[in-house]
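Keep in mind the model is a prediction, meaning the values are calculated, not measured.
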Amino acid sequence: MAAILKDSLRTIQTYRTSSPHYTDLLDILEEILILREEFRRRMKREVFPVEEKLVAAKMAGGLPLVDFSSLSCELLEPKEYFLALLEIAEKRNPGETAEIARKIRDGEILFNDLIYESFNPPLPDEEEAVEDEADASFDLVELFIEESLRPALEQVVARHGDAVAKSGWSEGYCPICGREPKIGEIRDEEGTRYLFCNQCGFEWSFLRIKCPFCGNEEQQTLAYFTVEEDEQRRVDVCNACKRYIKIVDFRETNQKADLDVEDIATLHLDMLANDEGYD
Ligand SMILES: [Zn+2]
Ligand SMILES: [Zn+2]
């Protein structure tokens, strides 16, 4: 569910104090969330219409509601949002994104192509593999491309989220948009694990002893680690496929997890997981 902006900003403020090394990223996230709210309100048209009668069949077939393997719809609003997001980077580093903004405005780069490539990435070539790790892990433009679709996809969640939640979806990728989760949470009295999609903001329940990425259910090859003194945040790893997912568990403090913010505030866990050979 979409977190309330006011609450998110308050959480960000708290984390600025508790995790000062994330201040820059939290500042960026704050700007994104404020813009997101603005564009959410502006959304009039349905960017990704989904036929109601197809929902059940898609869910049963393991097909996400929005199909990014072909992209034929008009993405006017996401494009406008993307251009506004680029300003966040431009303000920090003048000149950095001006060129890409110009090319998109002039039609030299088609925004639809950027989105298509983001969902259907070409195989990484070697040059990319040796790219500086810090750069690769936090590419603002890539982040903005993803974020640009968020308000439009949230509409799909608002309209069909309940039906999807009841459909018994058991895949490790998002039933709304097909992206893989990076973070999730444990909540409810039963301690259900929910996976969160940063792309569209949807959360779905998923077995606790199962790898979302390869489906492995063998307890011996599934493990987790935490960082000293923080039992509320952990990393679930799968030794069959070497993937990981971050999981927060706030049941003890009764705090509501804001997973957009948590994803940023737990980047040290991503680094640790990468160092251990998980990705
Ligand atoms: Zn999604
Ligand atoms: Zn796995």
Side-chain angles (χ1 to χ4, degrees), residues 8 11-30 32 121 124 126 128-143 146-147 172-174 179-187 191-199 201 203-204 206-253 255-279:
S8 300
T11 309
I12 288 176
Q13 191 52 37
T14 314
Y15 282 12
R16 274 201 189 99
T17 315
S18 62
S19 318
H21 49 291
Y22 287 135
T23 303
D24 285 350
L25 291 176
L26 290 169
D27 287 350
I28 292 172
L29 180 64
E30 182 174 78
I32 291 176
E126 277 173 28
E128 255 175 295
V130 292
E131 207 182 324
D132 183 0
E133 215 175 271
D135 276 6
S137 66
F138 216 84
D139 183 336
L140 268 189
V141 173
E142 184 55 36
L143 175 81
E146 278 189 37
E147 174 63 27
Y173 49 88
C174 176
R179 282 263 199 228
E180 288 182 334
K182 294 190 291 178
I183 192 165
E185 65 171 318
I186 306 283
R187 57 180 164 84
T192 309
R193 181 168 69 154
Y194 289 86
L195 309 183
F196 176 74
C197 176
N198 298 67
Q199 175 68 79
E203 236 184 289
W204 68 103
F206 195 77
L207 289 179
R208 270 179 87 157
I209 311 290
K210 182 174 181 173
C211 170
F213 308 108
C214 73
N216 172 25
E217 295 186 48
E218 275 179 45
Q219 200 143 11
Q220 312 89 281
T221 47
L222 293 166
Y224 73 90
F225 68 82
T226 55
V227 176
E228 230 179 313
E229 288 169 22
D230 188 359
E231 294 294 326
Q232 295 194 321
R233 297 171 181 82
R234 64 166 210 242
V235 178
D236 286 0
V237 302
C238 171
N239 287 311
C241 70
K242 288 293 189 181
R243 302 282 307 267
Y244 75 94
I245 183 163
K246 300 181 287 188
I247 298 290
V248 302
D249 183 350
F250 288 170
R251 285 174 299 167
E252 284 215 341
T253 49
Q255 183 190 341
K256 203 174 165 298
D258 187 324
L259 294 174
D260 280 320
V261 183
E262 286 304 320
D263 188 38
I264 299 284
T266 53
L267 282 173
H268 55 289
L269 294 179
D270 293 283
M271 287 177 213
L272 281 174
N274 293 155
D275 284 348
E276 296 295 318
Y278 299 101
D279 55 32

Audit row: Arg187, Tyr194, side-chain contact (heavy atoms from CB on, under 4.5 Å) steps and yes/no
CA-CA 8 Å; Arg187 57 180 164 84; Tyr194 289 86; 3.7 Å; yes
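Scanning for salt bridge (Lys or Arg N to Asp or Glu O under 4.0 Å) contacts around Asp270 gives Lys246, with sequence neighbours left out.
Note that the CG atom of Asn198 and the CD atom of Glu180 stand 12.0 Å from one another [nearest 0.5 Å]. Between the CG atom in Asp279 and the NZ atom in Lys242 there is a gap of 10.0 Å [rounded to 0.5 Å]. Considering CD1 of Ile264 and CG of Asp27, their distance stands at 11.0 Å, rounded to 0.5 Å. Atom CD1 of Ile32 sits about 4.5 Å away from atom CG of Leu143, to the nearest 0.5 Å. How far CG of Leu195 is from CG of Leu259: 10.5 Å, rounded to the nearest 0.5 Å. One finds the CD atom of Gln232 at 5.5 Å from the CZ atom of Phe250 (value rounded to the nearest 0.5 Å).
Here the shortest heavy-atom pairing between Ala265 and Tyr15 reads CB-CD2, 3.3 Å. Nearest heavy atoms, Tyr22 versus Thr266: OH-C, 4.2 Å. Listed here is the closest heavy atom pair of Phe213 and Pro181: CZ-O, 3.6 Å. Across all their heavy atoms, Arg234 and Ile186 have their closest contact at NH2-CD1, 3.9 Å.
Between the side chain of Arg233 and the main chain of Glu262, no donor-acceptor pair closer than 3.5 Å is present. Side-chain N or O atoms of Arg179 include none that pairs as donor or acceptor with a backbone N or O of Glu146 at under 3.5 Å. Of the possible donor and acceptor atoms, one in the side chain of Asp249 sits under 3.5 Å from a partner among the backbone N and O of Arg251.
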Tabulate below the donor-acceptor pairs under 3.5 Å that side-chain atoms of residues 219-227 make, not counting sequence neighbours, or state none.
unit_1, atom_1, unit_2, atom_2, d
Thr221, OG1, Asn216, ND2, 2.8
Thr221, OG1, Glu218, O, 3.0

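No option in Ile209, Ile245, Leu207 other than Ile245 meets the side-chain contact (heavy atoms from CB on, under 4.5 Å) test with Arg193.
Side-chain atoms of Val235 and Leu272, non-hydrogen and from C-beta on, never get closer than 4.5 Å to each other. Considering only heavy atoms from C-beta on, Cys241 stays 4.5 Å or farther from Tyr278 through its side chain.
Asp258 has no carboxylate O lying under 4.0 Å from a charged side-chain N of Lys256, or vice versa, which leaves the two without a salt bridge.
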